[in-house]
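What follows is a short report on a single structure.
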Amino acid sequence: MFITFEGPEGSGKSTQLPALADYLQEIGHDVICTREPGGTDIGNQIREVLMRMDNTGLHPRTEILLFLAARAQLVEEVINPSLAQGKIVLCDRYGDSTLAYQGYGHGLDLDTLRAMLQFATGGLKPDLTILLDVDVPTGLKRKKIIEEWNRLDAFELSFHERVRAGYHILAEQEPERWKVVDASQSPAQVKAQIQSLVMDKLAQHF
Ligand code: TYD
């Protein structure tokens, strides 16, 4: 089963994803955790280019192609083989980040992006996508305190508002796949809610 975590900056994905992995492992599942952009050797080299503060000249089209290149590598090298072995794959961001950030955030054509995603992933879609939803000022405040500032964080507030609104639209379009969790709750509450959503999905899946 393939589960992705999505959300705006500072939504707590990097805390909640390992917590879910621990829980699933404790109850006997074979779990693989990965993240985007990155997750493979080649993907991490691409991530470096994307995250460098001094790469201010990176054009949005170049940026998309780099995200998609890293994703294609991740699908081939990690996600598909792990799914074939019956593992649960947890991925911190996936194709929906491209739709939310490059599509809704930067205003690039959504149909074009969907076609490119189809090419990069071979059509692989998550079984479950958890949207950790937090309002933009709260998320950005958290991120500034707990993580290093990178090039992508430096965009203005309205960009992040568009990203968040885009996530809501995506979640409404595919309610079976998406589950929205209020990430402004305490980490323990968020964790418990995620566990219960995942257990429901696993019960349907197996
Ligand atoms: P990262 O430092 O991993 O942030 P986070 O913890 O929020 O995931 O940086 C990932 C950044 O890349 C984040 O700002 C979202 C952005 N991104 C895109 O714009 N498009 C994409 O397709 C992906 C995967 C990420």
Side-chain angles (χ1 to χ4, degrees), residues 2-20 33-40 42-53 55-56 58-75 78-79 89-110 112-121 124-126 129-167 170 181 183 187 190:
F2 181 26
I3 303 175
T4 57
F5 280 63
E6 294 285 351
E9 311 296 314
S11 55
K13 293 179 290 88
S14 49
T15 309
Q16 294 297 340
L17 188 143
L20 175 65
C33 296
T34 188
R35 70 160 182 184
E36 281 216 20
T40 62
I42 290 167
N44 284 330
Q45 293 173 49
I46 297 170
R47 181 186 177 90
E48 286 244 342
V49 177
L50 283 161
M51 297 294 155
R52 272 178 61 162
M53 284 292 286
N55 275 346
T56 50
L58 199 61
H59 189 276
R61 284 205 299 270
T62 317
E63 189 182 75
I64 292 173
L65 291 167
L66 290 173
F67 279 121
L68 292 179
R71 184 166 306 137
Q73 191 68 27
L74 184 67
V75 168
V78 177
I79 303 179
V89 178
L90 305 182
C91 192
D92 187 341
R93 298 196 181 281
Y94 187 63
D96 298 301
S97 281
T98 306
L99 297 174
Y101 281 80
Q102 279 65 50
Y104 290 99
H106 288 304
L108 289 157
D109 181 63
L110 287 164
T112 307
L113 289 178
R114 284 188 211 274
M116 292 170 81
L117 280 173
Q118 171 74 24
F119 175 75
T121 63
L124 178 69
K125 274 196 146 193
T129 297
I130 294 167
L131 173 56
L132 294 183
D133 186 43
V134 68
D135 68 83
V136 171
T138 306
L140 289 180
K141 232 180 287 163
R142 279 188 191 164
K143 183 112 181 177
K144 257 187 262 185
I145 297 166
I146 59 172
E147 276 175 49
E148 254 177 61
W149 198 243
N150 64 35
R151 191 186 61 80
L152 292 173
D153 294 312
F155 290 116
E156 78 284 17
L157 209 64
S158 63
F159 171 79
H160 293 288
E161 294 287 6
R162 291 196 297 278
V163 170
R164 184 183 182 213
Y167 272 130
L170 292 171
V181 174
V190 174

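What you see is a predicted model, and the numbers here were worked out from it, not measured in a lab. Residue indices begin at 1 and follow the sequence shown. Remember, it's 1-based here, ligands and their atoms both numbered in the order they're listed. All heavy atoms count here, side chains included; hydrogens, waters and symmetry mates do not.
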### Message
Taking distance alone, with N or O pairs closer than 3.5 Å, would you say Tyr101 contacts ligand 1?
### Response
no
So the atoms of ligand 1 within less than 4.0 Å of a heavy atom of Thr98 turn out to be 21 (C), 22 (O)
Residues passing the salt bridge (Lys or Arg N to Asp or Glu O under 4.0 Å) test with Arg162, sequence neighbours excluded, are none
Counting from 1 in the order shown, the ligand 1 atoms closer than 4.0 Å to a non-hydrogen atom of Glu36 are 24 (C)
In Met53, Glu48, Arg47, the residue satisfying side chain to side chain contact (heavy atoms under 4.5 Å, CB included) with Met51 is Arg47
Logged contact type for Glu63 with ligand 1, heavy-atom cut-off 4.0 Å, is neither
If we number the atoms of ligand 1 from 1 as shown, the ones under 4.0 Å from a heavy atom of Gln102 are 18 (C), 19 (O), 20 (N), 21 (C), 22 (O)
NZ of Lys141 to CD of Glu9, rounded to nearest 0.5 Å, is 15.5 Å
Short version for Arg47: what comes under 4.0 Å of ligand 1, heavy atoms counted, is side chain
Taking the ring centre of each residue, are Phe2 and Tyr94 less than 6.0 Å apart?
yes
Min N/O separation Tyr94 to ligand 1 under 3.5 Å
no
So for ligand 1, is Glu9 a polar contact partner (N or O within less than 3.5 Å, distance only)? yes
Counting from 1 in the order shown, the ligand 1 atoms closer than 4.0 Å to a non-hydrogen atom of Met51 are 9 (O), 10 (C), 11 (C), 12 (O)
